[in-house]
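I have placed the structure first, in the form of structure tokens, so that the comments after it can refer back to it.
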Amino acid sequence: MAETQRKETILSGMQPSGALHIGNFEGALANWVRLQNDYWMFCCIVDWHALTGSWRDTRAIKDQIFLMAVDWLAAGLDPEKCAIFIQSDVKEHAELHLLFSMLITVPTLTRLPTYQEKKDSLDSYGFLGYPVLQAADICLYAANKVPVGKDQEKHIWLAADLAKRFNATYKKTLVEPEALFTEVPVMPGNDNRKMSKSYDNHIPIEYTDKQTEKRVKSYFTDPKKLRQGDPGNPDTCPVFLLHKVYSDNPEAEVAPDCRSGALGCVDCKLKLSARLNERLRPIRDRRAELVKRPDDVWDILQVGAGRARTRAESVMDKVRSAMKINYRKKKK
Ligand code: TRP
Ligand code: SF4
């Protein structure tokens with residue numbers, strides 16, 4: 001589709017955390033896959049952001065980029081519809097970050113909850129500037145919308161504020177972005193906490209059917225329901241939350257039998273893992289194909305970077321003009 005046919009631009013970003021799990025998929029990626037049909041979309045693997053945490057030992061980052069790109073593609077992000085690229089392939093992110101850093105005070109950054117939470121372990125200049133780099137990621141593409149979770153609300157607000165500040169200081173140049181919040185299902189891990197690789201309670205997309213079944217069997221359930229026949233409460237059970245995402249009519253097909261005791265937890269979990277495996281099968285098949293062709297995946301990222309750069313260069317050209325720092329630009 002030609003760029004002009006799509007009215008609005010989306011920039012979405014994710015830190016390269018390696019192979020994804022179903023929580024990442026249902027929480028963000030499935031939404032991106034839907035959005036790529038209606039927006040001009042840039043999907044950025046933010047490797048420089050990842051360095052704020054892993055700057056000392058960077059050995060894993062390349063594999064993490066690769067595996068995440070594979071899962072993005074397997075999940076249905078289409079390189080024909082959106083530019084899929086690595087942040088550090090487009091150096092303009094760093095340039096706009098630097099220019100933005102003049103427009104924001106240090107206390108504004110130190111007050112942010114994301115900084116406060118981690119400042120004792122991460123107190124580098126780079127970490128302080130994390131949201132400024134994120135603002136640059138967004139404004140560099142003149143993105144109107146940024147699909148994020150609620151935890152990122154302040155960062156998007158800050159990006160809009162920086163765009164506004166830039167426009168007021170120099171000349172109206174940048175688009176003020178907005179967060180695009182979407183309903184995402186609650187995705188609990190097997191310990192009933194939020195699903196996360198760092199808790200090792202997750203279900204990776206790359207799992208086999210058997211591994212998935214084993215993980216599902218290990219899930220926490222209603223502790224009062226010890227054996228089949230005991231009545232259970234699906235409303236407090238993480239397995240039921242996943243049924244809500246993966247089964248067609250869980251309120252009718254799972255909940256009453258759980259409450260009455262007719263359904264035992266073992267069968268309930270088998271039912272869930274069967275549904276989950278069915279849903280993930282096409283993604284897993286595509287994934288298995290993609291990992292066999294690593295060069296094609298790196299090529300897709302390079303082509304994506306080329307497309308991203310075209311947009312980024314044109315925005316930066318306007319930014320430099322607005323600031324009167326495009327010293328050698330020919331007069332038109
Ligand atoms: N901070 C985001 C997160 O932790 C990642 C991110 C970096 C991002 N740059 C972005 C998200 C730009 C959206 C847009 O999830
Ligand atoms: Fe949870 Fe299913 Fe057991 Fe009910 S039957 S407690 S929903 S695992």
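As the structure lists them, so they are numbered: ligands from 1, and atoms in each ligand from 1.
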Review point. According to the interplanar angle, ranging from 0 to 90°, do the rings of Phe42 and Trp40 count as parallel (below 30°), tilted (30 to 60°) or perpendicular (above 60°)?
Key: perpendicular
**Study point:** Residues Asp161, Arg165: salt bridge by 4.0 Å N-O rule
**Key:** yes
Review point. Would you say Ser12 and ligand 1 have an N/O pair spaced under 3.5 Å apart?
Key: no
Revision key, fill the gap. Per-atom filter on ligand 2: closer than 4.0 angstrom to a heavy atom of Asp222 are 6 (S)
Review point. What residue and heavy atom of the protein are closest to atom 5 (S) of ligand 2, and at what distance?
Key: Lys225 CE, 3.5 Å
**Study point:** Arg279 charged N/C atom sitting above Tyr246 aromatic ring, 6.0 Å / 45°
**Key:** no
**Study point:** Backbone or side-chain N or O of Asp137 under 3.5 Å from ligand 1 N or O
**Key:** yes
Practice item. Please state whether the rings of His202 and His21 are parallel, tilted or perpendicular, taking 30° and 60° as the class boundaries. Key: perpendicular
Exercise for review: Establish, yes or no, whether a centroid distance under 6.0 Å links the rings of Tyr39 and Tyr141.
Suggested key: no
Exercise for review: State the atoms of ligand 2, each with its element, that fall below the 4.0 Å cut-off from a heavy-atom position in Cys237.
Suggested key: 1 (Fe), 6 (S), 7 (S), 8 (S)
Exercise for review: Would you verify whether the NZ or CZ of Lys119 falls within 45 degrees of the ring axis of Phe127 while also being under 6.0 Å from that six-membered ring's centre?
Suggested key: no
Check your understanding: Tell me: protein heavy atom nearest atom 3 (Fe) of ligand 2, and distance?
Key -> Cys265 SG, 2.3 Å
Practice item. Report the member of Cys268, Cys258, Pro250, Gly264 with the shortest heavy-atom distance to atom 4 (Fe) of ligand 2. Key: Cys258
Point to revise | Atoms of ligand 2 close to Thr221 [distance to a heavy atom under 4.0 angstrom, numbered from 1] | key: 8 (S)
